[in-house]
Asker: 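Would you mind keeping the following structure in view while I ask a few things?
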Amino acid sequence: MGHAAEMGAIETPIKLAVNEWTGQHVTTRIAGEMLKAAGYKVEYVTAGYMNMYQALGNGEIDAAMEIWSSNVSDEYGKQLAAGKVTEIGDLGLEAKEGIAYPAHVAEICPGLPAVEALRDCAGQFATAETLPAGRLVDYPADWGTPGAERITGFDLPFKAVPAGSEGALITELRASTEKKSPLLITFWQPHWAMSAYDIKFVDLPVGEEACFEDPAWGSNPNATHDCGFAPTRVFKATWSGLAGKWPAAAEILANLQLSVEEQQPMMGAVDVDGKSVEETVDAWMQANPDKWKPVVDAAIQ
């Protein structure tokens, strides 16, 4: 009973948000298993990434373990400003997002990775649904439309077509690599596919706040977003009441760190080797107690 106050409401499950991509599943499962090792109950709640923040602010979800600063809805800022959501630090991933292409595409579109090269060879990327414009495969619609924003920003003769899912993005990369066909895609790292398919990023000016707000910034005086993605922080956030309700859990989640080198192979085990997230994370935790057990022990002892 010595830890009862510090542990808090151990009979009530801590609800962790599960979003739409494999890396986030891995991160969240590690967090959940660490909480379970401490003696907590955990519930994994499927939640749309762009629209989960009100639920987080209301305490219907208790924590979101992988929020990307470059692609987050306005609702997050509102909940944070209202004091309903608390940021609990960076996750540790060195992340990058951008407009990407498999390496062989540089032969189809000479001049890449320069963004201006796309203006001259857009026709190479055209499909029946986009003619005469080239096709950019954008993020799934519920992740936002950052690819479409860059097409407008740079006034490129392309049409952004949302992918149906993360799996659909991978299918596009695989098909393009196998057939040596043209492909322009919105993508990110860490992701196992970055190394599996030798993916390159288009060179874009560093994204800074003025680019997103002032059309006069950058090469296109008529539009915003004529730059790369905002430098990406990957961070964690909780319902603001979490620390009061489960003090030790708040400490564990705040101190959880995960690197690209740790996460990317686990994503590959799931998406390439066909293993479940559960068995992949369990194997990692058994093999790496030095990475997570000290965090749990420090919070509960």
Side-chain angles (χ1 to χ4, degrees), residues 19-23 48-50 68 70-71 96-205 207 211-212 218-220 222-229 232 267-268 271-272:
N19 302 138
E20 302 93 346
W21 66 99
T22 303
Y49 173 71
M50 292 299 278
W68 290 54
S70 58
N71 191 31
K96 180 176 181 178
E97 292 181 273
I99 306 302
Y101 56 93
H104 71 266
V105 173
E107 298 168 20
I108 299 170
C109 184
L112 282 173
V115 67
E116 285 303 315
L118 294 170
R119 198 176 303 286
D120 299 326
C121 59
Q124 298 281 3
F125 297 86
T127 65
E129 68 177 316
T130 66
L131 275 169
R135 180 184 68 142
L136 166 70
V137 181
D138 208 350
Y139 281 164
D142 52 4
W143 296 10
T145 56
E149 288 163 357
R150 266 81 203 166
I151 285 172
T152 302
F154 288 98
D155 193 23
L156 294 173
F158 276 75
K159 179 180 178 182
V161 180
S165 64
E166 179 185 357
L169 291 171
I170 302 307
T171 298
E172 293 279 357
L173 286 167
R174 183 180 298 122
S176 172
T177 300
E178 289 173 357
K179 297 174 184 174
K180 296 288 184 277
S181 56
L183 176 66
L184 196 64
I185 192 167
T186 310
F187 211 68
W188 73 98
Q189 69 177 39
H191 199 290
W192 62 265
M194 285 300 300
S195 49
Y197 298 116
D198 191 11
I199 300 167
K200 308 294 184 186
F201 283 105
V202 175
D203 286 342
L204 301 175
C211 168
F212 308 121
S219 60
N220 184 354
N222 301 312
T224 57
H225 292 80
D226 46 348
C227 58
F229 289 51
T232 301
M267 297 168 75
D271 287 343
V272 181

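A quick note: this is a predicted structure, and the numbers were derived from the prediction, not measured.
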Asker: Between Leu169 and Pro140, is there a side-chain heavy-atom distance shorter than 4.5 Å?
Answerer: yes
Asker: With a 4.5 Å limit on heavy-atom distance, are the side chains of Leu112 and Asp203 in contact?
Answerer: no
Asker: Ignoring hydrogens and geometry, is there a side-chain-to-backbone donor-acceptor pair from Thr171 to Gly167 under 3.5 Å?
Answerer: yes
Asker: Can you tell if the side chain of Thr22 reaches within under 4.5 Å of the side chain of Trp192, non-hydrogen atoms only?
Answerer: no
Asker: Taking Leu173's backbone N and O only, do any of them form a donor-acceptor pair with Thr177's side chain (distance below 3.5 Å, no angle check)?
Answerer: yes
Asker: Indicate the atoms forming the closest heavy-atom contact of Tyr139 with Gly144, along with that distance.
Answerer: CB-O, 4.1 Å
Asker: Going by heavy atoms in the side chains, are Tyr101 and Leu136 under 4.5 Å from each other?
Answerer: no
Asker: Are any side-chain N or O atoms of Arg150 and backbone N or O atoms of Asp226, one a donor and one an acceptor, separated by less than 3.5 Å?
Answerer: no
Asker: Can you find a heavy atom in the side chain of Lys159 that is under 4.5 Å from one in the side chain of Thr127?
Answerer: no
Asker: Any sub-3.5 Å donor-acceptor pair from Thr232's side-chain atoms to Lys96's backbone N or O?
Answerer: no
Asker: Give me the atom names and distance for the closest heavy-atom approach of Ala193 to Ile199.
Answerer: O-CD1, 3.2 Å
Asker: Under 3.5 Å, side chain of Arg135 to main-chain N/O of Ala128, donor-acceptor pair present?
Answerer: no
Asker: If you look at every heavy atom in Gly207 and Phe212, which pair is closest and at what distance?
Answerer: CA-CZ, 4.0 Å
Asker: Looking only at the aromatic ring of each residue, does the gap between the centers of Tyr49 and Trp68 stay below 6.0 angstrom?
Answerer: no
Asker: How far apart are the C-alpha atoms of Thr130 and Phe125, what are their side-chain angles, what is the distance that settles it, and do they pass the side chain to side chain contact (heavy atoms under 4.5 Å, CB included) test?
Answerer: CA-CA 9 Å; Thr130 66; Phe125 297 86; over 6 Å; no
Asker: Is a side-chain donor or acceptor of Thr152 paired with a backbone partner of Ala148 at a separation under 3.5 angstrom?
Answerer: yes
Asker: Quick one: sort the Trp143 and Trp188 rings into parallel, tilted or perpendicular, breaks at 30° and 60°.
Answerer: perpendicular
Asker: Rounded to the nearest 0.5 Å, what separates atom CG in Asn220 from atom SG in Cys227?
Answerer: 11.5 Å
Asker: What is the minimum heavy-atom distance between Phe229 and Gly98, and which atoms define it?
Answerer: CE1-CA, 3.4 Å
Asker: How far apart are the closest heavy atoms of Cys109 and Ala117, and which atoms are they?
Answerer: SG-O, 3.5 Å
Asker: What pairs with Gln124 under side-chain hydrogen bond (donor to acceptor under 3.5 Å, both in side chains), at least two apart in sequence or on another chain?
Answerer: none
Asker: Are Pro102 and Leu183 close enough that some pair of their side-chain heavy atoms sits under 4.5 Å apart?
Answerer: yes
Asker: Do Phe201 and Gln189 have side-chain heavy atoms sitting under 4.5 Å apart?
Answerer: yes
Asker: Determine which pairs satisfy salt bridge (Lys or Arg N to Asp or Glu O under 4.0 Å) with at least one residue from residues 186-198, sequence neighbours left out, and list them in order.
Answerer: Asp198-Lys200
Asker: To the closest 0.5 Å, what do you measure between NE2 (His104) and CD (Glu178)?
Answerer: 11.0 Å
Asker: Nearest 0.5 Å, please: how far is CG in Leu118 from CZ in Phe154?
Answerer: 10.0 Å
Asker: Please report the C-alpha distance between Glu20 and Glu166 in whole Å, then the side-chain angles of each, then the deciding distance to 0.1 Å, and finally whether the side chain to side chain contact (heavy atoms under 4.5 Å, CB included) criterion is met.
Answerer: CA-CA 7 Å; Glu20 302 93 346; Glu166 179 185 357; over 6 Å; no
Asker: Would you give the length of the straight line joining atom SG of Cys211 to atom CG of Leu204, rounded to the nearest 0.5 angstrom?
Answerer: 9.5 Å
Asker: Any chance you could lay out the side chain to side chain contact (heavy atoms under 4.5 Å, CB included) test for Val202 and Leu184, step after step, and finish with the verdict?
Answerer: CA-CA 9 Å; Val202 175; Leu184 196 64; 4.2 Å; yes
Asker: Please give me the minimum heavy-atom distance between Pro157 and Arg119, naming the atom from each residue.
Answerer: CG-O, 4.0 Å
Asker: Can you tell if the side chain of Val137 reaches within under 4.5 Å of the side chain of Thr186, non-hydrogen atoms only?
Answerer: no
Asker: Yes or no on side chain to side chain contact (heavy atoms under 4.5 Å, CB included) for Ile99 and Ile151, after CA distance, side-chain angles and deciding distance?
Answerer: CA-CA 10 Å; Ile99 306 302; Ile151 285 172; over 6 Å; no
